[in-house]
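Report on the structure given below.
FYI, the numbering just counts along the sequence from 1. Given the structure is predicted, the values throughout are model-derived calculations rather than measurements.
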Amino acid sequence: MEFSPARQRFYQEIQQPEEQIDLAAAALYIAQENYPDLEVEAYLNALDTMADEVRERLPEEAYPLKIIRTLNQYLFTDLGFKGNTDDYYDPRNSFLNEVIERRTGIPISLSLVYLEVARRIDFPMAGVGLPGHFLIRPTLEEMAIFVDPFHEGEILFEADCRDRLQAIYGEGAKLQPEHLEVISPKALLARLLSNLKIIYLHHRDRIKALGTMDRILLMFPNAAPELRDRGLIYYQQGRLTEARYDLELYLYERPDAADAFEVRQVIEQIERVKDS
C-alpha cells in the first residue's frame with residue numbers, strides 16, 4: 001500500500017515508543033492530509049512560542065495549581081481559546097492547525113493544545129477519555145483534579161466528572177474507575193480520528209471516513225469497530241475482497257458481537273457475488 005507523504009510521516013511518528021510520540025506533530029500530520037501545504041514546523045513553533053510566554057508569566061513559587069491558573073489565564077483569557085459551541089461538528093475543530101489559527105475547537109483538540117504547552121514548560125499532564133467528553137489531568141500523584149479545556153480550564157473533581165457523565169448519558173450512568181484513567185498518545189490520536197470519522201460519515205464522505213479508519217488501524221490493527229465499519233464501506237464500494245477480509249477479522253475479534261448475524265449475512269452476500 002502506498003501512503004501519501006502526510007500518511008508516511010504519521011506512520012513514522014506512531015512507530016516510536018509511546019513516550020516518544022510527538023502528539024502535536026502526529027496531529028498535524030493528520031491535518032496535513034486535508035491541507036497538503038500545511039507547514040508542520042510553523043505550528044510546532046507557535047506552540048513553542050506559547051510555552052515561552054507562559055513560562056514568563058509563571059510566579060516564582062510555581063505550585064501546580066498556580067501553573068494551571070497561569071495556563072488558563074494565558075490560553076483562555078489572553079489568547080481567547082474557547083470551545084466551539086456554535087458549530088461543534090465542523091471538521092476544522094479537529095485539525096490542530098485550524099484550532100491554533102482560529103482559537104476554537106472541541107474538547108480533545110483544545111486539550112491537545114493545553115497538553116502540548118504544558119509539556120513544553122515541564123508540567124506533566126495527560127489526557128483522560130471520559131465518555132462523551134475529554135479532559136486532562138496533572139500526572140502528579142498528589143493531584144486528584146481534572147481540567148476541562150473546553151470550558152476555559154475549569155478545575156473538576158471526581159464528583160464533577162460523575163455529574164458531567166450523567167448530564168450526557170442520564171442519571172443512571174455510572175462513573176467507572178477506568179473512565180478517569182489517563183490514556184496513551186495513540187489512544188488520544190485514535191479518539192481524534194474517531195471524531196473526524198463520525199463527522200465524515202454524517203456528511204456521507206466515505207473516502208475521508210476511510211482515511212480516518214485506515215490511520216486508526218495503523219495504530220490498533222485489531223480495532224474491531226474500525227474493521228467492521230471499513231469492511232462495510234468496502235462492500236458498498238464493491239471492493240469485495242477487502243470487505244470480506246475486514247469483516248471476517250471483525251468476527252474473529254468479536255465472535256459474540258451483537259451485530260454478528262448481520263455481518264455474516266454481508267459475508268454470505270459477498271460469497272454469492274464472487275461465485276456468480
Side-chain angles (χ1 to χ4, degrees), residues 5-6 8-84 92-128 134-140 147-150 152-153 182-189 191-193:
Q8 290 175 15
R9 297 182 190 106
F10 178 78
Y11 180 74
Q12 290 167 359
E13 191 64 46
I14 62 171
Q15 292 308 297
Q16 300 183 90
E18 289 265 7
E19 66 276 6
Q20 295 179 22
I21 292 175
D22 186 328
L23 266 177
L28 289 165
Y29 298 144
I30 289 172
Q32 204 172 40
E33 292 206 22
N34 207 65
Y35 305 88
D37 296 327
L38 185 155
E39 295 184 8
V40 170
E41 286 300 322
Y43 292 96
L44 294 177
N45 290 339
L47 291 167
D48 291 341
T49 299
M50 291 181 203
D52 289 340
E53 293 181 350
V54 169
R55 199 176 290 109
E56 291 175 358
R57 290 164 167 75
L58 289 174
E60 288 187 14
E61 295 183 348
Y63 298 118
L65 279 175
K66 289 186 176 181
I67 294 174
I68 290 171
R69 291 193 187 103
T70 303
L71 282 162
N72 287 349
Q73 172 70 31
Y74 175 72
L75 290 173
F76 304 115
T77 302
D78 298 352
L79 294 188
F81 278 94
K82 63 180 180 179
N84 191 337
R92 293 178 295 177
N93 293 330
S94 295
F95 294 128
L96 183 56
N97 60 314
E98 290 280 9
V99 175
I100 292 172
E101 291 277 0
R102 299 167 66 233
R103 302 285 199 263
T104 188
I106 54 176
I108 193 167
S109 58
L110 291 171
S111 293
L112 181 55
V113 172
Y114 202 115
L115 286 172
E116 285 298 302
V117 175
R119 181 177 68 81
R120 284 165 167 77
I121 63 170
D122 298 319
F123 184 61
M125 301 191 80
V128 175
F134 199 88
L135 304 170
I136 57 179
R137 65 179 300 176
T139 54
L140 303 168
V147 178
D148 185 353
F150 190 72
E152 299 185 354
V182 301
I183 67 172
S184 69
K186 285 184 182 179
L188 188 152
L189 294 168
R191 187 151 169 170
L192 185 69
L193 286 162

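- Put simply, the residue from V128, L135, L110 that forms a side chain to side chain contact (heavy atoms under 4.5 Å, CB included) with D148 is L135.
- The backbone N or O of I21 sits nowhere less than 3.5 Å from a side-chain atom of Q16 that would complete a donor-acceptor pair.
- Counting heavy atoms from C-beta on, the side chains of R102 and N93 come closer than 4.5 Å.
- In this structure, NZ on K82 lies 12.0 Å from CZ on R103, to the nearest 0.5 angstrom.
- Of the possible donor and acceptor atoms, one in the side chain of R120 sits under 3.5 Å from a partner among the backbone N and O of E116.
- Between I106 and F134 the shortest side-chain heavy-atom distance does not fall below 4.5 Å.
- Ionic pairing of R9 and E13 is not present here: no N-O contact between side-chain nitrogen and carboxylate oxygen is shorter than 4.0 angstrom.
- Residues N84 and R92 have side chains not in contact (no heavy-atom distance under 4.5 Å, counting atoms from C-beta outward).
- For T139 (side chain) and A126 (main-chain N/O), no donor-acceptor pair under 3.5 Å exists by modelled atom type.
- Donor-acceptor pairing under 3.5 Å is recorded for the side chains of D78 and Q73.
- With values rounded to the nearest 0.5 angstrom, L192 atom CG is found 8.5 Å from F95 atom CZ.
- The side-chain heavy atoms of P138 and I68, taken from C-beta on, include a pair separated by under 4.5 Å.
- At a threshold of 4.5 Å between non-hydrogen side-chain atoms, the residues V117 and L47 count as touching.
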- Query: Given Y29 and Q12, is the side-chain hydrogen bond (donor to acceptor under 3.5 Å, both in side chains) satisfied, shown in steps?
  - Reply: CA-CA 10 Å; Y29 298 144; Q12 290 167 359; over 6 Å; no
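- Between L71 and I121, the closest side-chain pair of non-hydrogen atoms falls below 4.5 Å.
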